[in-house]
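The structure appears right after this line, and notes come after that.
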There are 2 protein chains.
Amino acid sequence: MGTTQLETVPEPKYWHLKTVLSDALDSEFAVGEILPNERELAARFGVARATLRQALEQLELEGRLQRRRGVGTTVAPPRVGVAVAPARHTWPGASGDDWQPVDATQSDTVPAAVARLLQTVPGEQVHIVRRTRVTNGQPVAAELLYVPSAAVPGHTEGPVRSAPARARAVLHELQELELEGQDRTVELGSARAEDARQLDRLPGAPVLVVTTRYVSGGRTTAVAVSTYRADTCRLTFGASDEVSLLAG
Amino acid sequence: MGTTQLETVPEPKYWHLKTVLSDALDSEFAVGEILPNERELAARFGVARATLRQALEQLELEGRLQRRRGVGTTVAPPRVGVAVAPARHTWPGASGDDWQPVDATQSDTVPAAVARLLQTVPGEQVHIVRRTRVTNGQPVAAELLYVPSAAVPGHTEGPVRSAPARARAVLHELQELELEGQDRTVELGSARAEDARQLDRLPGAPVLVVTTRYVSGGRTTAVAVSTYRADTCRLTFGASDEVSLLAG
DNA sequence: CAGTGGTCTAGACCACCGT
DNA sequence: CGGTGGTCTAGACCACTGC
């Protein structure tokens, strides 16, 4: 450094910091390694802690770092590729998907965006199935699946069952229907408090929200809203995961 | 409030603020309307400006707000649905896509991730085509398309052409090849300086990075890295856009 | 308990936009 | 030029983790 005369177009400090840290991560740190704490890093770079944190936040957003309160900041492993669109259209809960049913409830109020997709009227009963997706032992996604009760009029009123069993019952009924099509949207969101808990993140953490519409009998029969951890996930669409192809 | 006994788990102020602001946006503001400036809002809510900004940042991330330096904070329109995966596989630059070629260069160095996908060796020449995607007059995405020069050995050495013409030449050559397949990944990233300029955002702005692999002749023939504005875009995959279906 | 990251404050200055 | 959002500082306290 010395007498820095540079910065004709002053680059924000945190931006420059991010670059420096990023290079250091590539060359001097191994995955899982713990970085010095924020106060020390800030001192080492001669900036306020808030500025240092701005750089760390960006790197975390890009999946380079992982920070945990009370523990420290570690170097994150490369993002996991998670398959979102299987080769053939299938209902959620079809054999082979790696989602785990959590529970199921019934409600007559759903988010406005979901009601619009399902074309339900206010007050109409809808099953809400919660599921989790786990990859390599890490939770990567939480899902809420909305199915109008009218679409699956099965005899689910049997004896009291466990929460996962109720979820499985709804999913099982879906398989009976003919799936005519599906489409998806992906957008950025922030984790609601409940999702955050499931994903082992703080509320507000960045997530990729995948909304899937399932079409059967000429109408939207189910809507799944899946929230994936944006810091650790790379969503894959199409033929196959990059890794498996390169291995071939 | 009064003597708030609630909050056994105290909710952060900025989180609560975000909720309050979000509700206010729904009920009291119209799209495009300008909010009071940050200093005034902070005073009105009795918090430091930094705290207020934390809430605004989240709302901007979710596409509810739009902030511009020197101008102010406005209520954002709903996110635009942009089709990412067409019904049939096509090469980039096929007639009908709404990308605009910007320029094309040749280089022997590409990002490591791209080189891995293309299986190019260091030093191998690769065409790099820049394109922009514009929807409703707003730039929504910037793209870098990488094509190994060996894959398109056409006679592009003709007379000097304009930058867009060079780009079109490469794209045109691609159409001649048979496209055998493609797959995509979507992940969260932050805008590089150059992308940020094209997208009319500040560097580091959150973007959705779509990486498309085009397969021809049994190998990866092209890789497109498209960065979409995460604040304004909702990527759509599959049959069709939600809007067009609901309209039917 | 000590140490970590997360939240919050009250200020300052800068870069940018429109008038 | 005045007003906006963007950056930065130097502190403080809190919530969580692990020993």
Side-chain angles (χ1 to χ4, degrees), chain A residues 4 7-19 21 33-61 64-76 190-191 193 196-197 200-206 231, chain B residues 4 7-19 21 33-61 64-76 190-191 193 196-197 200-206 231:
Chain A
T4 40
E7 317 301 0
T8 63
V9 172
E11 194 178 43
K13 278 192 190 175
Y14 78 90
W15 186 258
H16 181 242
L17 250 186
K18 185 192 130 182
T19 310
L21 285 169
E33 199 167 338
I34 307 181
L35 267 61
N37 70 54
E38 298 184 349
R39 288 159 180 89
E40 163 149 7
L41 278 178
R44 190 178 300 185
F45 287 105
V47 300
R49 190 177 155 219
T51 306
L52 186 269
R53 277 179 62 81
Q54 218 171 334
L56 294 186
E57 263 150 36
Q58 286 246 355
L59 289 170
E60 192 179 27
L61 202 79
R64 308 283 316 269
L65 291 179
Q66 209 157 333
R67 296 146 91 202
R68 302 217 300 188
R69 167 153 50 177
V71 180
T73 302
T74 59
V75 180
S190 47
R197 221 177 321 111
D200 192 27
R201 297 260 64 194
L202 291 175
D231 55 343
Chain B
T4 39
E7 315 303 0
T8 64
V9 173
E11 194 178 44
K13 277 192 190 176
Y14 79 89
W15 186 258
H16 181 242
L17 249 186
K18 186 192 130 184
T19 310
L21 285 170
E33 199 168 339
I34 306 179
L35 266 62
N37 70 54
E38 299 185 348
R39 289 159 180 90
E40 164 150 5
L41 278 178
R44 190 178 301 186
F45 287 106
V47 299
R49 190 176 157 220
T51 304
L52 186 268
R53 277 179 62 80
Q54 218 171 332
L56 293 185
E57 262 150 37
Q58 284 248 356
L59 289 169
E60 189 179 29
L61 203 78
R64 307 285 314 269
L65 292 179
Q66 211 157 332
R67 295 145 92 201
R68 301 216 299 189
R69 169 156 43 181
V71 179
T73 302
T74 59
V75 180
S190 48
R197 220 177 322 110
D200 192 27
R201 297 260 60 195
L202 291 176
D231 55 344

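Bear in mind that the values here come from a model prediction, so they are computed numbers and not experimental data. Each chain gets a letter, A, B and so on, in the order its sequence line appears, and its residues count up from 1.
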Sequence neighbours left out, what passes side-chain contact (heavy atoms from CB on, under 4.5 Å) with B/Lys13? Give chain and number order. B/Val47, B/Thr51
When we call it a touch if two heavy atoms are under 4.0 Å apart, what does A/Arg68 touch: a base, just sugar-phosphate, or nothing? sugar-phosphate
Have a look at B/Leu202 and say if it touches a base, only the backbone sugar-phosphate, or nothing, with a 4.0 Å heavy-atom cut-off. sugar-phosphate
In whole angstrom, give the distance that lies between atom NZ of A/Lys18 and atom P of D/dT7. 12 Å
With side chains defined as the heavy atoms from C-beta onward, is the minimum distance between A/Thr73 and A/Leu41 less than 4.5 Å? no
Rounded off to whole Å, could you give me the CD1-to-P distance for the B/Ile34 and C/dC17 pair? 15 Å
Considering residues at least two apart in sequence or located in another chain, which fulfil the side-chain hydrogen bond (donor to acceptor under 3.5 Å, both in side chains) criterion with B/Glu40? B/Arg44
Please examine the side chains of A/Leu21 and A/Arg64, heavy atoms only from C-beta on, and report whether any two atoms are closer than 4.5 Å. no
Any B/Tyr14 side-chain nitrogen or oxygen under 4.0 Å from OP1 or OP2 of C/dT7: yes
Whole-Å distance separating the CH2 atom of B/Trp15 from the C1' atom of D/dA15: 17 Å
If you compare every side-chain N and O of A/Arg67 against the phosphate oxygens of C/dG6 (OP1, OP2), does one of them come in below 4.0 Å? yes
C/dT4 phosphate, OP1 or OP2: any side-chain N/O from A/Asn37 under 4.0 angstrom? yes
Phosphate OP1/OP2 of C/dT4 contacted by A/Thr73 side-chain N/O (<4.0 Å): no
Rounded distance (Å) that lies between atom P of C/dT7 and atom CD of A/Glu38: 11 Å
Considering all heavy atoms of both residues, which atom of B/Tyr14 and which atom of A/Pro203 are nearest to each other, and what is their separation? OH-O, 4.2 Å
Protein-nucleotide distance (A/Gln66, atom CD; D/dC16, atom P), rounded to Å: 19 Å
Would you kindly give the CD-to-P distance between A/Glu11 and D/dT7, to the nearest whole Å? 12 Å
Value for CG (A/Leu52) from NZ (A/Lys18), rounded to nearest 0.5 Å, stands at 14.5 Å
Separation of atom CD in A/Gln54 from atom P in D/dC8, rounded to whole Å: 6 Å
Closest-nucleotide 5' rank along DNA chain C - winner of A/Glu57 and A/Gly70: A/Gly70
I need the CZ-P distance between A/Arg201 and C/dG6, as an integer number of Å. 8 Å
CZ on B/Arg67 to CD on B/Glu57, rounded to 0.5 Å: 5.0 Å
Quick one: what's the B/S/- string for nucleotides 9-14 of chain D, heavy-atom cutoff under 4.0 Å, read 5' to 3'? B--BB-
